[in-house]
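What follows is a short report on a single structure.
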Amino acid sequence: MNSRRFNRRHFMATTAATSLIMGAGRAMAADPIKTAGIYTVPVEQQWVSRIHQAALTAQARGDIAYSFSENVSNTDYARVMREYAEAGNTLIIGEVFGAEQEAREVAAEYPDVAFLMGSSFKEDAALPNFAVFDNYIQDASYLSGIIAGAMTTSGNIGMVGGFPIPEVNRLMHAFMAGAREMNPDIQFQVSFIGSWFDPPKAKETAFAMIENGADVLYAERFGVSDAAQEKGVLAIGNVIDTQADYPDTVVASAIWHFEPTLDKAIAEVQAGRFTAADYGVYSFMNQGGTSLAPLGTFDGKVPAAAMELVAQRQAEIMSGAFAVTINDDEPTSS
């Protein structure tokens with residue numbers, strides 16, 4: 001059941017939440033867990049691609065039997081959830097940022113189905129089968145910011161995001177904090193394009209920032225690295241590693257690994273104890289949920305002082321000696 005109607009995940013959400021254990025009666029580990037993914041954008045899109053990849057990995061392992069729908073509009077999301085629940089899926093994953101209330105209402109109708117959904121809100125004690133996650137990859141974003149701060153010569157960095165929601169804001173703030181470790185006087189141009197998947201608009205926004213003096217771009221959206229490549233400036237990637245596609249442009253990337261999040265949910269379903277929890281912690285670096293991508297063609301080209309600080313901070317993050325600040329407020333140009 002693969003839907004091909006284009007949509008973007010709107011900046012909306014309407015409800016809030018906390019935790020309770022789901023009852024027994026779950027299928028145990030003997031057979032693959034019938035699992036469905038519901039996505040509002042193409043599976044090629046950065047964020048969703050990481051969920052999709054983790055699901056394919058789990059399927060290859062034999063843990064789940066996976067099907068998915070992409071480009072599902074927010075208005076159709078609840079309907080598709082119901083169809084997958086009625087089809088006997090035991091675990092449903094996706095992202096409900098633009099359909100929060102409707103998604104939670106559907107989950108309440110199917111208490112024996114485990115829902116693991118990307119959300120800006122928290123779990124709800126009254127909805128024990130609905131767990132939430134978000135990509136808390138601020139650790140790697142901070143490290144990539146250190147590299148950006150060392151690579152800019154103009155002291156002007158452009159940052160193009162989708163929407164100013166917590167999952168984006170925290171990564172931008174972490175990146176900015178890392179860059180300021182190398183140069184506290186760096187200026188940032190910050191803009192949101194109002195879409196999760198509009199490469200032409202992201203590209204045009206990036207062009208304007210380059211015209212305004214930016215020589216490094218934070219590519220939170222597709223299209224930004226294309227602008228950087230065309231204008232001969234540098235870019236920092238987000239969520240996925242595009243260095244091979246932009247070998248002269250993308251210096252570093254903060255990578256999201258969804259595997260720890262999904263694997264935890266699979267284990268809980270297999271054990272019959274899936275609970276309405278916040279799975280955000282499994283995106284942290286010390287949980288294996290994020291990493292700094294290899295520098296590829298830029299290996300040896302980043303100043304040694306920056307790489308030494310990256311190594312130091314990474315070790316401190318892993319040991320717990322240093323914590324990257326999580327700031328969900330909307331970032332602004334400064």
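All residue numbers in this chain count up from 1 along the given sequence.
- Applying the salt bridge (charged side-chain N to carboxylate O under 4.0 Å, His left out) rule to pairs touching residues 315-325 yields Arg313-Glu316, sequence neighbours excluded.
- A search for side-chain hydrogen bond (donor to acceptor under 3.5 Å, both in side chains) contacts involving Ser291 returns His257, not counting sequence neighbours.
- Nearest heavy-atom pair, Ile137 versus Thr290, reported as atom, atom and distance to 0.1 Å: CB-OG1, 3.4 Å.
- No path of Ile, Leu, Val, Met, Phe, Trp and Tyr side chains, each step under 4.5 Å between heavy atoms, connects Val168 with Met209, placing them in separate hydrophobic clusters.
- Note that CD1 of Ile146 and OG of Ser141 are 11.5 Å apart. Values are rounded to the nearest 0.5 Å.
- From Gln45, atom CD reaches atom NE2 of His52 across 12.5 Å, with rounding to the nearest 0.5 Å.
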Query - Verdict with reasoning, Glu102 to Tyr77, per side-chain contact (heavy atoms from CB on, under 4.5 Å) - result: CA-CA 8 Å; Glu102 297 87 347; Tyr77 207 93; over 6 Å; no

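- With sequence neighbours left out, the side-chain contact (heavy atoms from CB on, under 4.5 Å) criterion links Ala206 to Val160, Leu217, Val224, Ala227.
- The one candidate from Asp278, Ile93, Leu262, Leu116 that meets the side chain to side chain contact (heavy atoms under 4.5 Å, CB included) condition with Phe133 is Leu116.
- Phe188 and Phe175 have perpendicular rings, their planes meeting at more than 60° on a 0 to 90° scale where under 30° would count as parallel.
- Under the rule for a salt bridge (charged side-chain N to carboxylate O under 4.0 Å, His left out), Glu204 has no partner lying at least two apart in sequence or in another chain.
- Across all non-hydrogen atoms, the minimal contact from Ala107 to Met81 is N-CE, 4.4 Å.
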Report task. Determine, stepwise, if the pair Asn135 / Leu171 fulfils side-chain contact (heavy atoms from CB on, under 4.5 Å). Result -> CA-CA 9 Å; Asn135 61 329; Leu171 306 188; 3.9 Å; yes

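- In this structure, the side-chain contact (heavy atoms from CB on, under 4.5 Å) partners of Ala36, at least two apart in sequence or on a different chain, are Ser67, Tyr84, Asn89, Ile92.
- Ser283 and Arg50 share no donor-acceptor pair across their side chains, judged by distance under 3.5 Å alone.
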Requested in this report: Go through the steps to decide whether Glu70 and Glu44 satisfy the test side-chain contact (heavy atoms from CB on, under 4.5 Å), and finish with yes or no.
Outcome: CA-CA 10 Å; Glu70 59 185 343; Glu44 292 82 9; 4.2 Å; yes

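- Sorted by first then second residue, the salt bridge (charged side-chain N to carboxylate O under 4.0 Å, His left out) pairs that include residues 284-305, not counting sequence neighbours, number zero.
- For Pro247, the side-chain contact (heavy atoms from CB on, under 4.5 Å) criterion is met by Thr297, not counting sequence neighbours.
- A distance of 4.0 Å separates CG of Asn212 from CD of Gln189, quoted to the nearest 0.5 Å.
- Across every non-hydrogen atom of Pro331 and Val190, the tightest pair is O-CG1, 3.8 Å.
- The closest donor-acceptor contact from the side chain of Ser195 to the backbone of Ile193 lies at 3.5 Å or more, if one exists at all.
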Contacts under 3.5 angstrom, residues 229-242 side chains, donor-acceptor by atom type, not counting sequence neighbours:
{"unit_1": "Glu230", "atom_1": "OE2", "unit_2": "Lys203", "atom_2": "NZ", "d": "2.4"}
{"unit_1": "Asn238", "atom_1": "OD1", "unit_2": "Tyr218", "atom_2": "OH", "d": "3.3"}
{"unit_1": "Asp241", "atom_1": "OD1", "unit_2": "Gln243", "atom_2": "N", "d": "3.0"}

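- Applying the salt bridge (charged side-chain N to carboxylate O under 4.0 Å, His left out) test to every pair with at least one member in residues 245-263, sequence neighbours left out, gives these pairs: Arg61-Asp263.
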Requested in this report: Under the side chain to side chain donor-acceptor pair (under 3.5 Å) rule, what do Thr275 and Glu268 come out as? Steps first, then yes or no, please.
Outcome: CA-CA 8 Å; Thr275 187; Glu268 294 299 289; over 6 Å; no

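- Within the structure, the side chain to side chain donor-acceptor pair (under 3.5 Å) test picks out the following pairs touching residues 321-331 (sequence neighbours left out): Arg170-Asp328.
- Note: the hydrophobic cluster containing Val72 also contains Phe130 (ILVMFWY, side chain heavy atoms under 4.5 Å, direct or indirect links).
- In plain terms, the two heavy atoms of Gln287 and Val281 that are nearest each other are CG-O, 3.3 Å.
- Closest heavy-atom contact between Ile165 and Ser120: CD1-OG, 4.1 Å.
- In terms of modelled atom types and a separation under 3.5 Å, the side chain of Ser154 and the main chain of Gly213 share a donor-acceptor contact.
- Here Ala304 pairs with Glu308 under the side-chain contact (heavy atoms from CB on, under 4.5 Å) rule; sequence neighbours left out.
- Under the 4.5 Å side-chain heavy-atom criterion for grouping Ile, Leu, Val, Met, Phe, Trp and Tyr, Met159 is connected to Leu143 within one hydrophobic cluster.
- Here the straight-line distance linking atom CG of Leu295 with atom CE of Met307 works out to 4.5 Å at 0.5 Å rounding.
- When each of Phe163, Tyr39, Phe222 is checked for a ring-ring contact (aromatic ring centres under 6.0 Å, His included) with Trp196, only Phe163 meets the rule.
- Using a distance-only test at 3.5 Å, with no hydrogens or angles considered, a donor-acceptor pair links the side chain of Asn183 to the main chain of Asp185.
- The ring pair (Phe, Tyr, Trp, His ring centres under 6.0 Å) pairs that include a residue from residues 227-256 are Trp47-Trp256, Trp256-Phe258, where partners are two or more places apart or lie in different chains.
- Partner of Met182 under the side chain to side chain contact (heavy atoms under 4.5 Å, CB included) criterion, out of Thr152, Leu309, Ile147: Leu309 alone.
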